[in-house]
Amino acid sequence: MFSFLIRRIGLMFVILFLVSIMIFSLVNVLPGDPARLILGQEATPEALEALRVEMGLNDPLVVQYFHWISNLIQGDFGNSVKDNTAVADILIAKIPVTLQLTIMSFIIALLIALPAGIISATRKGTLWDYSGTFFALSGVSLPPFWLGILLIYIFAVTLGWLPPSGYVSMKEDFVRSLTLMILPAITIGIRLSAELTRMLRSSLLEVLHADYIRTGYAKGLLEGAVIFKHALKNALIPVITVSGLQMATFLGGAVITETIFAVPGIGQLIVKSILSRDFPVVQGAVMFMAFAVIIINFLVDIAYSILDPRIKLTGGTK
Amino acid sequence: MAQNLTVKNQEIQIQGKVENPRVKMFKTMMGRLFQNKLAVVGGIFTFLLIFMALFSQYIAPYEPTEQNYELIMSPPSADHWFGTDELGRDIFSRVIYGAKVSLQAGLISVGIALAVGIPIGLISGYYRGFWDEYVIMRITDAMLAFPPLVLALSLAAVLGAGLKNAMIAIGIVLTPNFIRLIRAEVLAHREREYVEAGRATGLRDWRILLHHILPNTMAPIMVQATLAIAGAIISEASLSYLGLGTQPPTPSWGSMLAAGQGYLELAPWMALFPGVFIFLTVMSINLFGDGIRDMLDPKLK
Amino acid sequence: MTTTQLEVKNLHVGFKSKKGFTTILNGVDFTVKKGETLCIVGESGCGKSLTSLSIMGLLPKTGQISEGQILFNGEDLSTKNQKEMSKIRGKEISMIFQEPMTSLNPVQTVGKQIEEVVRIHQKVGKKEAREKAIDMLRLVGIPAPEKRIDNYPHEMSGGMRQRVMIAMALTCNPKLLIADEPTTALDVTIQAQILELMDRLKTELDMSIMMITHDLGVVSEIADRVLVMYAGKVVEYSDVKTLFKKPKHPYTQGLIESIPKLNEEQDELPIIKGSVPSPENMPKGCRFSTRCKFAAPACFEKLPELVGEEGHKVSCWMYTDEWEKMTNHGGEAGNVSQRETTAAAAAAAAPTGS
Amino acid sequence: MLAKEKQQQQQQQQQPLLEVKGLKKYFSTGGTGFLNKNKKYVKAVDDLSFYVNEGETLGIVGESGCGKSTMGRAILQLQKPTEGQVLFQGKDISKFNAKQIRELRKDIQIIFQDPFGSLNQRMTVGSMLSEIVRVHKIVPKKEELKYIQQLLQDVGLNPEHYWRYPHEFSGGQRQRISIARALAVQPKLIVCDEAVSALDVSVQAQVLNLLQKLKNDYHLTYIFISHDLSVVKHISDRVGVMYLGKMMELSNKHMMYENPLHPYTKALFSAIPEVTTEGKKQRVILKGDVPSPLDIPTGCCFHTRCPLATDKCKMEMPEFREAEKGHFVACHYAGV
Amino acid sequence: NDASTGSKETKTSGSKTKLESKDTLVIGLDDDPPQLDPHMSSAAVDRQTFQSLYNKLVDVDENLDIIPELAKEWKITDEGKTYTFKLQENVVFHDGTPFNAEAVKFNFERMLDPDMGSPRKSEIASVSEVNVKGDYEIEIKLKEPYAPFLAALTDRAGMMVSPTAVKESGKDFANKPVGTGPYQLEERVTQSHINLTRFEDYWREEPKIKKIVIKPFSDADVRVTNLVSGDLDIINKVAYKDLEDLRNNENITLLEKDSLMFQGIQLNTKVAPFDNKKVRQALNYAIDREAITKVVFHGGAVPAISAFPSSSWASPDMEVPKVDVEKAKALLKESGVGKVSFTLKITPKPEEQQIAQMLQSMLKAADIDMEIEMVEFGTLLEQQDNGEFTALRLGWSGRTDPDGNIYSWFYTDAPLNKSFYSDAKVDELLTNARINSDQEERAKLYKEVSEILFEDAPYIFLYHEKDYKAMKKNVKGFNHISDTMIRTETMYFE
Ligand SMILES: Nc1ncnc2c1ncn2[C@@H]1O[C@H](COP(=O)(O)OP(=O)(O)OP(=O)(O)O)[C@@H](O)[C@H]1O
Ligand SMILES: Nc1ncnc2c1ncn2[C@@H]1O[C@H](COP(=O)(O)OP(=O)(O)OP(=O)(O)O)[C@@H](O)[C@H]1O
Ligand SMILES: [Mg+2]
Ligand SMILES: [Mg+2]
């Protein structure tokens, strides 16, 4: 177990290092001069040059990289080019927003996916199953931004039940915060639940064919007990792993959803800062997201080994 | 060893008519495909879309870029089935032309991912070792740690807006998934007895890889590829939606949606129809993909 | 007091599919007496497992008992619903399966899995259940059961897992234990352990065993009576000694002959030619007719009944009075004398112990 | 029978077709990580030595996981042996380079257990066989079809099976295809790794007869791996018994079955359920399970289950010695 | 340069608008102000916040005439080379330090300090000396006469920051602004809000509203929604498509004012095909400006022919030419270029795309092939700098003094003259207009320049956008001036 953790953490750092190099090189080959962007249309060449020197844009890339990474290790993400605030502060302000969105979407997704998955797997070949599958397929096929627009059109524009977009923090106004977040959470949640339903269904179907399920019946358990006591846990293990691995995709979905619903989270921050070439923010935010994905995968791995006693945490690679 | 050849020299008799095995295989696969009704529907729709994309200039009633300031944002009518947009262009015609962009985006970006992913995945999985474990796998890990849309967005921004670059960006983003999938498949298959048997009969590695392992891993690859095509269509639309995909005036469903979003109340049809088409396209490709999964699964009769 | 524990009468089981209903078990009859071990043998796919699953009411969703009765203590199990069956399963009738590796829930300790059986069928507390589980593990010969009870299945060897399965099955003192190839996946040395264990427990717990296997060696080792199945039909039904001394059905004969013998030198093994027909193109008549060396033309047309005295029944035209008539109509081979010789040859082939 | 033995003796004086000396195959577990200090080894095959003469069948029996398949693979160089020599016709093939090994494939072939997994599902029987024939240039191209169809007939299939896919065959037929594949290059030695284990008895008998017949027709030599003692005895000339990667006993099959020396062999024989009409036989039931190959017991690896084990057995590894002429055994007490 | 379009709600009729008198005014801006230091600021949106935080030396009124603010009065002497300001007394900064001539001197030196890299430096580049003449009198000397100087002081260059605070905070001043304005900073959370509270020691009449909250909503639809049914009281910039709705909303006041900006296409006169004057002229006639203002702007913009919108006193009375495809074709023929094709670079905003697509189809009618290429704003600027373009869509936010709208765009080698246009006559006229401080004479000079520029067409003027402010009906006291600033000082709730 211990050597597994060491190894796994070591691996994590390797990946993080690669991620940081990728982010850095990506950002630095982005066309567009941030100094030009800051100073705008009227900048004089001298002012531009001064700013470039100040921002270290004239240093060799390797120097810039090590500068960035060594600061990063010390927790200094640098400052936004646009408004000079610390990227770390910006991120801290955004994290609760994205977190709230994430949690709400997850809850919605689970509320849909668990029953849908179980019903369509246990009632395979019935109308229930077909509707579940159809739902899952539609959810996966809906472009997230269109779904968002559609929801706005239906619930905000036509029915006027919910506000179309915006964000208020939970502290400020709890109820309003939830009502504002509900449409974006549904947008992400539906897609997520579609994928979870799909996974849960196929995983359950597989598990339901397993010998130990038959053993459960042979013991005298009824169907419900077999499904909930024996099948579900086994079926959820791969679902958790796969959804952990899909975390990145999921966060990616948040990017566009946040943009549509003007939710000031990390996703929107990334889109905006990429488009405005705010390099330090892009680097910091993307690094943070990648870090979150890596950590989540790590946790999922550990959860996996807890859920599944067969997985011994030895140093083997997947 | 020549004596073995002449051990016996009976007449070889072939009873009955022999059907070409590939034709037969094809027939049974088609049979399996046609059992899945939804897949057939998906396949037909996909086919229609391809048809639409190929012959858009004959199908579309108007030029997709033809502007008519008298008819700005007019609702669907007999003249303009899907209404007109903010420049008075016929949305129906634009949707038809948009199919070209979307299908192209889906196919080419997945093509790129396959072209890069298959060889790397095959070699990496078959030979294992340092390069596999410490270079290729870790790089794919790192790439997979990025939210795909963020990566696509950054890449598209780096490469510059435009359909070509968007396709490259999406292709790059898809690649690690394929590398992983193919590698995992190869890892599973290289331990299989038929591969071992291949090696035991003295086949060269490339022959085993290309003639034995690759065809056997084709089923999951095909399934993943169709799903990826569906995903790539959405990604291209997303990038276009964010302004990094197809450039105006080329009609693309994503950018049409982006434009339409601003006029949701005034002209909901502007966002509705391109969205419906993305949905239907992705849906039918997914359905078709499911069908292919069935088709390639020899366990199903 | 009757001596019959289980009686299966004219059991027909099949599967629904798009193409219609395929009957796989086609009129299976047998009884299991109290305290005896009945072995069902036959090659893969002949319907052994299907028979046992029908008794347990555990047929897959597409499977269906289309005809016949399964009488357990006089009650017809085939008419019971799932809820009623669940009261019988694990309590009155238990079952263990072929794959000890996969028949236990991998994410629960073996203790939990045994306790569960206790708690389904008996109103006992957690602690008692656990104690019972430990007792059961001890009974099946697992060393240090107090420790082993908290193991996960994967922490045990195949033999141990099969012991756990047996412990689980026997927890509620069932009247009948159905064992579907319980030792096939095990090594010979472990198989010997398990067979011995089952034999011991049968007398200790006073139950009947219905054991499914395809290994004739195991049959002769453990069975009191034997049911030989071929393609969903019973072909021979006899007590074990008689069967191996004097197998009647050509299939049984062939089966016994085709096993390589340890104490005998054979240059070539006698074989049964061909292979089992698939359910879709079952011969109309005797199902073995396509592979039988004695088959008369009529064998292909008419299905033989299971006939013979109590204690040794066989389903073959050769042992009916009609055989004469059938061969007279131009059968290529076979008359009474010939069938005697075959039987004799088979008897000779049968081993005489070591 | 006598003539055959004589012939064998003559051959023994000649060079054996295959000779294995001190063969070892260890697998390291726990990945290849640099952070892994306490690497453990699965000693799947540990110091095996034996020979096979031309034209004979050497049977290898042992319980699951004792390293039979690993041995087979190591002989074929499908997995590089960790240590030891494999001499084929006097040449050490474990030192061969890739090209030489490809050449070697014409001489040594293998048949696997799994009739489902060992055939490429996506190739017709014909294309599979012709690929091999072409790669090794066995016959000119125009004779190829005829050659392969002949081969199919030889293994009891129909020529038109040339155009079929593996999934259209039954288990027994597939095993025949595997046999045809092995035969296609006209090898001298075939390793049959549990070639009949997955088959039903009636089909097993068919395949065993076929193997016997082919051996004579094609002048083959077999290494026949199985866990079924009766099958091994039926087909082999000599038999080796393996336990935890080591050879416990090796001898002519008659000597072995009539007078097993090693306590493990004895237990193994007595554990086989046999079709008898007499009462149940007296049996030695071994206690416990086979130890994990990850930590093999010290001394004699069988001492944990051996009814005769003494302290010496715990400490000292018995030597694999020739207790009688041609009868090798690895036990301190056997046959002394 | 924000490509996010976001959602919209313009369903104004049914929604409830809260109309209550409050002590907090919530402003919805079109972007998050990057920073709060006027001397370092480069984003236009910053200026909105500055109106509340700082005072300027001078201000403009509705007619764009200069009026006193921190400077009570001023004299221009020495042929326009010396400006002497009398300052308000009793003015204190938010940190309690007094505002005086020393502070003004400090401010000028700060802006002119080459190490600061202040974007203001170029605006007051003509300053040669700043002399304190007394506690409340300061003299500023220019290198040469520069008529637009005062106008520059109505904006960021005229905003006075506290020297003490600057010395204390250094670079961090951008986050801890200290001015003399009616409101002082209470809290700022980037991308979320800026809270200001009334400055109790303010030198003028105490503002009626206690608190100002400034929130960024880059999405125009969200902004409108939040005004109509949310907490916003006034918003900056309204999407043109919403004009109609807002105008009809009885709870909303929609204010319209000609702004100072101009928009058009910058042509690179150094490369083909626009090195040919006739081709450039052809564009002027091939484009239907009227259609653009109608289709894209729903009347929220007016066709342009010069750099000066009608709000400017320099606006020439020239008639915008009607679209004349024949004339355009004729000009092309004269040019002898043959097939004209070029690429227009635009930023990826929906409106830009719409304009570009319209231009494309208009030019097509005149046999000109135009390709559209979208590039990010930063890239566009960079490519503009390097002359890597044939045509690009870039306008100007406008300056109070007409000089600011034209000199740097068309004077030979001026910083924004990326058309690489050079005309001796234009240079001369522009210089004269700078020196001359008589408005009427200057207006004549600018008219002459405008005519030449139309003829030479280095830049195709397309339209002047109007500025819109929408606010709740109960918000009063807002003074809509063409510089588009929200001056909070005088605002109140009814
Ligand atoms: N779910 C199912 N649907 C359709 N046919 C089935 C199903 N399960 C089993 N069968 C068929 O029923 C027949 C009998 O199966 P069964 O499992 O009883 O055989 P068996 O005698 O136990 O064989 P084995 O020795 O391989 O376990 C087989 O031909 C099989 O193909
Ligand atoms: N590639 C490998 N990596 C690690 N361990 C292996 C590998 N291959 C085999 N082993 C281990 O080596 C031991 C011997 O395996 P092998 O397959 O040779 O046994 P076997 O005698 O053929 O068993 P069976 O009868 O089950 O086929 C087993 O414990 C197995 O787990
Ligand atoms: Mg079975
Ligand atoms: Mg093996």
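The chains referred to below are lettered A, B, ... by the order of the sequence lines, with proteins before strands, and numbering in each begins at 1.
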Checklist entry - Going by heavy atoms in the side chains, are B:M283 and A:V140 under 4.5 Å from each other? => result no
Checklist entry - What distance separates B:I234 CD1 from A:S141 OG, expressed to the nearest 0.5 Å? => result 6.5 Å
Checklist entry - Counting heavy atoms not belonging to B:Y127, are there more than 12 under 6.0 Å from its OH? => result yes
Item to check | B:A271 backbone acceptor or donor facing A:W146 side chain under 3.5 Å | outcome: yes
Item to check | Value rounded to 0.5 Å, distance of CD1 in A:I15 from CE in B:M137 | outcome: 11.0 Å
Item to check | Among A:S138, A:A292, A:G267, residue most engaged with chain B (heavy-atom pairs, under 4.5 Å) | outcome: A:S138
Next on the checklist: Please determine whether the number of non-hydrogen atoms from other residues, nucleotides or ligands lying under 6.0 Å from atom CZ of B:F45 exceeds 12.
Outcome noted: yes
Checklist entry - Closest heavy-atom contact between A:I294 and B:A145? => result CG1-CB, 3.7 Å
Checklist entry - Which atoms of A:V19 come close to chain B, meaning under 4.5 Å heavy atom to heavy atom: side chain ones, backbone ones, both, or neither? => result both
Next on the checklist: So, taking the atom named CG in B:L239 and the one named CD1 in A:I256, what distance separates them when rounded to the nearest 0.5 Å?
Outcome noted: 7.5 Å
Next on the checklist: Report which part of B:A230 has an atom under 4.5 Å of a heavy atom belonging to chain A: side chain, backbone, both, or neither.
Outcome noted: neither
Checklist entry - Tell me, side chain or backbone of A:L150 under 4.5 Å from chain B's heavy atoms, or both, or neither? => result side chain
Checklist entry - Which answer fits A:I274, side chain, backbone, both or neither, if we ask what part of it has an atom under 4.5 Å from a heavy atom of chain B? => result side chain
Item to check | Leading residue by heavy atom contact count with chain A [cutoff under 4.5 Å; candidates B:I233, B:L272, B:L144] | outcome: B:L272
Sequence neighbours left out, cut at 3.5 Å: what donor-acceptor pairs do the side chains of residues 146-166 of chain B make with other protein atoms?
| from | atom 1 | to | atom 2 | distance (Å) |
| --- | --- | --- | --- | --- |
| B:S154 | OG | B:V150 | O | 2.6 |
| B:N165 | ND2 | B:L159 | O | 2.7 |
| B:N165 | ND2 | B:G160 | O | 2.9 |

Checklist entry - Among A:I23, A:L137, A:L26, who wins on heavy-atom pairs under 4.5 Å with chain B? => result A:L137
Next on the checklist: Which one wins on heavy-atom pair count under 4.5 Å against chain B: A:N297, A:L18, A:I149?
Outcome noted: A:I149
